[in-house]
Amino acid sequence: MKKKCQNLLIVSMTVFFTFGLNACIEYPKPWSQVIEISWDISLPKNMTMEFHTQTESFNGDGVRYTVFYLIEDSADFLEDFSRESIGSVETKIDQIIDGTYQINQIAESLGIPENFLPNWNAEYFWKYIGKNYREPYGYNDELYIIYFTDSKSFIFCEHFT
């Protein structure tokens, strides 16, 4: 009888420990969910991620560059995007990617393949979201979302300073 109680106790503890540990482990979130949490926005659920890269930094600064393809049109999400092509947005994105904007050698470290770089000759819509935390740390985070209509692709270019 004592042996049965010990075995039952061991099995119960093993099951409890396994389920308890499993509940505590935080599984990696999809990048779409990371973007939603980081920028407090809701993204279309009908997107697939095709490419992601980021710079590594101890301080949390750097660049995250993610490309999604839209499976079905999502007019609601694009509602507040600007439809006007603007050179300053193109220049800013190119500078972030090329590493000439506050961070050196980003293009090399990001290693973005040619087919995932922005095609500024195609029609696109864009949106800018900024977070300005001036006190006490003095950083200014930026998110550029570019949607290319011909390829139905989104580029999320996040710049953390």
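Every value quoted in this text rests on a predicted model; they were computed, and no experiment measured them.
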Kindly give the heavy-atom pair with the smallest separation between [X] and [Y], and that separation in Å.
X      : Y      : answer
Asp150 : Ala122 : OD2-CB, 3.7 Å
Gly62  : Thr55  : CA-OG1, 3.2 Å
Val63  : His159 : CG2-CD2, 3.8 Å

Approximate separation, where rounding is to 0.5 Å, of [X] [atom1] and [Y] [atom2]:
X      : Y      : atom1 : atom2 : result
Thr48  : Ile71  : OG1   : CD1   : 5.0 Å
Trp31  : Met49  : CH2   : CE    : 8.5 Å
Ile145 : Lys127 : CD1   : NZ    : 5.5 Å
Tyr144 : Ile155 : OH    : CD1   : 14.0 Å
Leu43  : Leu70  : CG    : CG    : 10.5 Å
Tyr147 : Ser82  : OH    : OG    : 15.5 Å

Residue list, side chain to side chain donor-acceptor pair (under 3.5 Å) with Asn121, at least two apart or on another chain: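 Listed in chain order: nothing, the list is empty.
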message: Please enumerate all residues that pass salt bridge (Lys or Arg N to Asp or Glu O under 4.0 Å) together with Asp40, with sequence neighbours excluded.
response: none
With Glu50 via salt bridge (Lys or Arg N to Asp or Glu O under 4.0 Å) - residues at least two apart: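 So Glu50 forms no salt bridge (Lys or Arg N to Asp or Glu O under 4.0 Å) with any residue.
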Report yes if some heavy atom in the side chain of [X] is under 4.5 Å from a heavy atom in the side chain of [Y]; otherwise report no.
X      : Y      : result
Phe156 : Arg64  : no
Ile146 : Trp120 : yes
Phe125 : Arg83  : yes

task: Measure up the Phe77 and Phe154 rings against each other and bin them: parallel (under 30°), tilted (30 to 60°), perpendicular (over 60°).
output: perpendicular
task: Measure up the Tyr65 and Phe51 rings against each other and bin them: parallel (under 30°), tilted (30 to 60°), perpendicular (over 60°).
output: perpendicular
- prompt: When clusters are formed by joining ILVMFWY residues with side-chain heavy atoms under 4.5 Å apart, either directly or through shared neighbours, do Ile129 and Leu78 land in the same one?
  reply: yes
Full working for side chain to side chain contact (heavy atoms under 4.5 Å, CB included) between Thr66 and Val34: CA-CA 11 Å; Thr66 311; Val34 171; over 6 Å; no
